Peer 1: 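Structure in structure tokens, see below.
Nothing here was measured: the structure is a model prediction, and the numbers come from that model.
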Amino acid sequence: MSGFNNTRQISRARRRDKIATAGFYCLGALIMLLIFWLLFTILGKGLPGLRPDFLIKQPEEIDPGGGIGPVLFNSFYILFISLIISVPLGLGAGIYMAEYAPDNGFTSALRMAVESLSSVPSIVFGMLGLAIFAEYFDIGLTILGGGVSLALLNLPMLARVTEEAVRAVPGELREAGYALGTTQFHVIRRIVLPVALPAIITGVCLVAGRAFGESAVIILTAGLSTSGEMWDFNLFSPGETLAVHLWYVQSEAIVEDARQIADKSAAVLVFVVLMLNLVFRLPLWLGKRSQGR
């Protein structure tokens with residue numbers, strides 16, 4: 001009798017396993033379909049009418065046929081500034097909390113503060129940047145203010161992702177390195193970071209895409225205008241980005257082709273975010289293929 005009950009339990013468990021597996025596959029397929037539908041909708045509306053001159057022309061306030069040249073450049077410029085600030089600080093903070101920080105109340109409070117800052121709305125960091133750069137230092141709405149504010153926005157997330165990636169590295173790898181007589185810094189640099197690199201790159205991709213598509217912080221710290229030059233490297237110039245320009249064209253622009261400009265700008269924005277992920281991940285894929293050979 002007990003053998004029959006065990007057989008029924010095993011059969012029931014297998015049936016539940018098949019049902020759960022099918023359910024997860026369906027959920028995954030639905031999510032993929034939703035993502036592809038969104039991409040097809042956004043890119044399908046904007047890419048067919050996109051021309052190369054649209055990427056380098058000046059925006060127009062009244063006449064139709066404007067482009068996105070300066071705002072696209074400002075988007076990359078502010079992204080670069082935010083990454084050169086947030087990536088070293090975020091990686092350093094994550095490595096410290098995972099490898100060096102003692103397990104005490106202060107570290108727990110620090111980790112809780114980082115997690116809390118990761119969920120703070122971006123408008124709060126925009127107001128912080130406005131108070132620091134526009135009011136305290138009195139330099140107005142600038143590219144520098146936008147880049148630094150974006151770095152502050154992405155720093156907590158990058159630090160947390162780095163910490164979790166470093167903690168996920170098996171302890172046996174560290175012990176093997178210490179057994180060879182290497183120092184802790186050498187183990188981190190030669191063993192821990194290469195293993196944790198894919199997860200860290202994922203975190204960098206997330207913050208880069210978030211920074212490139214951010215609008216609330218830029219509106220409050222970099223403004224709604226540009227200097228009027230295509231390649232303006234002046235850090236104290238106004239720094240309207242593509243995401244802000246898209247919002248402005250969609251909501252307040254009076255040009256005749258505002259809808260077409262918005263569709264093409266949205267397509268460029270999505271395409272650039274996809275390319276950023278590809279650029280960051282391509283070296284990892286090439287490295288894995290070369291190791292596989």
Side-chain angles (χ1 to χ4, degrees), residues 42 46 54-55 57-62 66-86 117-158 206-255 258-273 276:
I42 296 174
F54 179 75
L55 303 177
K57 290 175 63 176
Q58 294 281 345
E60 295 287 348
E61 293 291 337
I62 300 176
I68 58 171
V71 297
L72 184 60
F73 170 76
N74 286 343
S75 299
F76 283 108
Y77 195 21
I78 291 179
L79 173 64
F80 175 75
I81 294 172
S82 67
L83 288 181
I84 63 174
I85 297 174
S86 62
L117 287 174
S118 300
S119 59
V120 170
S122 60
I123 190 70
V124 176
F125 286 93
M127 295 176 65
L128 175 64
L130 179 66
I132 294 175
F133 294 99
E135 297 181 6
Y136 184 78
F137 290 107
D138 196 23
I139 62 175
L141 305 180
T142 60
I143 291 175
L144 178 62
V148 176
S149 299
L150 280 181
L152 296 177
L153 171 67
N154 290 325
L155 185 59
M157 179 184 295
L158 191 55
L206 290 174
V207 299
R210 184 184 186 187
F212 193 85
E214 180 60 45
S215 59
V217 173
I218 301 301
I219 291 174
L220 292 176
T221 58
L224 289 168
S225 63
T226 66
S227 64
E229 300 179 10
M230 178 61 191
W231 311 101
D232 189 359
F233 291 93
N234 185 4
L235 294 176
F236 298 98
S237 296
E240 181 188 13
T241 61
L242 182 58
V244 175
H245 183 68
L246 174 60
W247 168 81
Y248 172 77
V249 171
Q250 187 70 21
S251 60
E252 298 185 11
I254 58 175
V255 292
R259 182 64 184 179
Q260 289 78 10
I261 294 176
D263 290 339
K264 290 186 285 188
S265 299
V268 172
L269 181 61
V270 172
F271 183 79
V272 170
V273 172
L276 285 175

Peer 1: What is the minimum heavy-atom distance between E229 and P70, and which atoms define it?
Peer 2: O-CB, 3.7 Å
Peer 1: Once rounded to the nearest 0.5 Å, what's the spacing between atom CD1 of I78 and atom CG of L242?
Peer 2: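 So the gap between those two atoms works out to 11.5 Å.
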Peer 1: For the pair N74 and T241, evaluate side-chain hydrogen bond (donor to acceptor under 3.5 Å, both in side chains) and give the outcome as yes or no after the intermediate values.
Peer 2: CA-CA 5 Å; N74 286 343; T241 61; over 6 Å; no
Peer 1: Measure the spacing between NZ of K264 and CZ of F54 and express it to the nearest 0.5 Å.
Peer 2: 5.0 Å
Peer 1: Hey, could you give me the OG1/CZ distance between T142 and F137, rounded to the nearest 0.5 Å?
Peer 2: 11.0 Å
Peer 1: Using modelled atom types and a 3.5 Å cut-off, is there a donor and acceptor pairing between side-chain atoms of Q260 and backbone atoms of A262?
Peer 2: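 No.
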Peer 1: Can you confirm whether L79 sits close enough to L276 that some side-chain heavy atom of one is under 4.5 Å from a side-chain heavy atom of the other?
Peer 2: yes
Peer 1: Grab the two heavy atoms, one from A134 and one from L141, that are nearest each other, plus how far apart they are.
Peer 2: CB-CD2, 4.5 Å
Peer 1: Compare all side-chain heavy atoms of L72 with those of V268 and state whether any distance is below 4.5 angstrom.
Peer 2: yes
Peer 1: For the residue pair N234 and I143, establish whether any side-chain heavy-atom pair is separated by less than 4.5 Å.
Peer 2: no
Peer 1: When you look at L220 and F125, which way does the side-chain contact (heavy atoms from CB on, under 4.5 Å) test go after all the steps?
Peer 2: CA-CA 9 Å; L220 292 176; F125 286 93; over 6 Å; no
Peer 1: Quick one: does S265's side chain get under 4.5 Å of I68's, heavy atoms only?
Peer 2: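 A side-chain contact under 4.5 Å exists here.
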Peer 1: First locate atom CD1 of I123, then atom CD of E214, and finally report the distance between them rounded to the nearest 0.5 Å.
Peer 2: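 Result: 8.5 Å between the selected atoms.
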Peer 1: For I218 and G239, which heavy atoms make the closest approach, and how far apart are they?
Peer 2: CG2-O, 3.6 Å
Peer 1: Kindly give the heavy-atom pair with the smallest separation between F73 and D232, and that separation in Å.
Peer 2: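 Closest heavy-atom pair between F73 and D232: CE2-O, 3.2 Å.
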Peer 1: Applying side-chain contact (heavy atoms from CB on, under 4.5 Å) to I261 and V255, what does each step give before you reach the verdict?
Peer 2: CA-CA 9 Å; I261 294 176; V255 292; 4.2 Å; yes
Peer 1: Within the side chain of S149, is there an N or O that forms a donor-acceptor pair under 3.5 Å with the backbone of G146?
Peer 2: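 Looks like no, no N/O pair under 3.5 Å.
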Peer 1: Is a side-chain N or O of E60 found less than 3.5 angstrom from the main chain of G67, in a donor-acceptor match?
Peer 2: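 Such a contact is absent between E60 side chain and G67 backbone.
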Peer 1: For the ring pair F236 and F133, is the centre-to-centre distance below 6.0 Å?
Peer 2: no
Peer 1: If you define the side chain from C-beta out and look only at heavy atoms, does anything of L128 sit under 4.5 Å from T221?
Peer 2: no
Peer 1: Is the closest side-chain heavy-atom distance between Y136 and L130 below 4.5 Å?
Peer 2: no
Peer 1: Evaluate the side-chain proximity of I81 to L235: yes if any heavy-atom separation is below 4.5 Å, no if none is.
Peer 2: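 Side-chain contact under 4.5 Å: yes.
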Peer 1: Can you tell me how far the CZ atom of R210 sits from the OG atom of S82, to the nearest 0.5 Å?
Peer 2: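 Answer for the CZ-OG pair, R210 versus S82, is 11.5 Å.
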Peer 1: To the nearest 0.5 Å, what is the distance between OG (S86) and CG (L155)?
Peer 2: 6.5 Å
Peer 1: Do you know which two heavy atoms are closest between S225 and P238, and how far apart they sit?
Peer 2: O-CB, 3.4 Å
Peer 1: Give a yes or no on whether the ring-centroid distance for F80 and F76 is below 6.0 angstrom.
Peer 2: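 Between F80 and F76, the centre distance exceeds or equals 6.0 Å.
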